[in-house]
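These notes are about the structure you will find just below.
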Protein chains: 2
Amino acid sequence: MLAKTDVFESDLQELADLSKALAHPARLAIIQHLAQHESCICGEIVDAMPLAQATVSRHLKTLKEAGLIKGEIDGPRSCYCLDTDALARAASAMSGYLDEIASSAPRENCC
Amino acid sequence: MLAKTDVFESDLQELADLSKALAHPARLAIIQHLAQHESCICGEIVDAMPLAQATVSRHLKTLKEAGLIKGEIDGPRSCYCLDTDALARAASAMSGYLDEIASSAPRENCC
DNA sequence: ATCCTTTATCGCGGATATAGGATAAATATA
DNA sequence: TATATTTATCCTATATCCGCGATAAAGGAT
């Protein structure tokens with residue numbers, strides 16, 4: 001893209017990036033899985049998803065690039081887990097935006 | 001897509017769709033603009049965005065298809081405004097998901 | 001050293017997303 | 001009726017996303 005997005009405020013850009021990371025059910029399911037299970041071995045995530053290993057690995061990379069999860073490549077095993085601080089910041093940013101919208105006065109005079 | 005996404009739970013699919021609608025700074029800016037201004041004439045939204053009219057119109061369509069905004073085509077003018085009920089539901093769904101994640105026990109034993 | 005297991009990456013094909021010029025449609029106005 | 005205004009849509013180009021088979025990389029096991 002021709003960098004036309006640079007003209008938007010950085011907080012909106014960050015929130016858009018976060019939304020993009022959340023914009024796939026597989027990634028939402030991976031986050032949920034990591035939250036609900038002790039283990040975070042990659043193979044178990046793959047088994048829990050109805051997708052090929054390569055596809056899951058790609059989603060994990062996307063989540064890692066977004067900073068929502070952490071991963072340690074440990075030889076033939078990889079350990080993934082949530083970045084709880086980052087997720088808390090993400091939740092805060094998202095609810096901050098949506099609450100600000102929700103608290104705006106309704107427009108009865110149109111639509 | 002080969003309908004592979006159908007295998008995910010519908011609530012995750014809906015949340016992913018919502019996230020996708022929010023996954024562009026222009027759309028976030030449009031929502032913010034509609035929340036902050038009385039008027040919701042399309043032309044004013046176009047003027048407020050650093051994008052071409054055709055591009056803004058497409059983003060508006062995306063938001064409308066996601067159910068986040070309402071629009072009335074009224075001759076040569078169009079009136080757009082927030083669907084506050086839908087946005088409230090969206091905020092609830094998003095925070096419900098993220099809070100559930102955040103409330104999961106942290107995993108000190110890995111990563 | 002040779003397999004075996006696990007995971008990341010590459011490469012391809014197909015589907016979407018994004019941007020915007022050009023144009024059409026709808027209506028108000030002169 | 002002719003014109004101007006406003007907005008949606010069409011079209012094209014480009015970029016990104018998605019899924020997955022194939023392969024590479026990195027250890028562990030025998």
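Just so we're on the same page: letters track the sequence lines, and every chain starts at 1. Computed from a predicted structure; not experimentally measured. Atom set for the values below is all heavy atoms of this structure, side chains included, hydrogens, waters and symmetry mates excluded.
- Not one side-chain nitrogen or oxygen of A:His59 sits closer than 4.0 Å to the OP1 or OP2 atom of D:dC17.
- Formation of a donor-acceptor pair under 3.5 Å by the B:Ser104 side chain with backbone atoms of B:Glu100 is not found in this model.
- B:Gln53 places its CD atom 11 Å from the C1' atom of C:dG21, with the value rounded to the nearest Å.
- Checking side-chain atoms of A:Arg27 against main-chain N and O of A:Leu22 turns up no donor-acceptor pair under 3.5 Å.
- In this structure, B:Lys61 atom NZ and C:dT16 atom C1' are separated by 14 Å, rounded to whole Å.
- Between B:Ile69 atom CD1 and D:dT7 atom C1' there is a gap of 13 Å when expressed in whole angstrom units.
- The CD1-P distance, from B:Ile41 to C:dT27, rounds to 15 Å in whole Å.
- Following rounding to the nearest Å, B:Leu28 (CG) and C:dT18 (P) show an atom-to-atom distance of 11 Å.
- Of all nucleotides listed (D:dA8, D:dT6, C:dT7), C:dT7 comes nearest to the side chain of A:Arg77.
- Taking atom CD1 on A:Ile45 and atom C1' on C:dA8, their separation rounds to 14 Å, with Å as the unit.
- In this structure the side chain of A:Ile101 never reaches within 4.5 angstrom of the side chain of B:Thr84, judged on heavy atoms.
- When all heavy atoms of B:Ala16 and A:Leu28 are compared, the pair lying nearest together is N-CD1, 3.6 Å.
- Between A:Thr62 and D:dC17, a side-chain N or O to OP1/OP2 separation shorter than 4.0 Å is absent.
- Contact between the side-chain N/O atoms of A:Tyr80 and the OP1/OP2 oxygens of C:dA8 is found at a separation under 4.0 Å.
- Considering only the side chain of A:Leu51, D:dC20 comes nearest among C:dT9, D:dT9, D:dC20.
- Atom P of nucleotide D:dA26 and atom CD of A:Glu72 are separated by 17 Å, given to the nearest angstrom.
- For the pair B:Ser78 and D:dA8, the criterion of a side-chain N or O lying under 4.0 Å from OP1 or OP2 is met.
- Which of D:dC18, C:dG21, D:dA8 sits closest to the side chain of A:His24 comes down to D:dC18.
- Each of A:Lys20 and A:Leu60 has a nearest nucleotide on DNA chain C; the 5'-most of these lies closest to A:Leu60.
- Two residues are said to be in side-chain contact when any heavy atoms from C-beta on lie closer than 4.5 Å; A:Ile41 and A:Tyr80 fail this criterion.
- The residue among A:Arg58 and B:Arg27 whose nearest nucleotide of DNA chain C is located toward the 5' end is A:Arg58.
- The distance from atom CG of B:Leu63 to atom P of D:dA8 is 12 Å, rounded to the nearest whole Å.
- Among D:dG19, C:dA19, C:dA8, the nucleotide with an atom closest to any side-chain atom of A:Thr55 is D:dG19.
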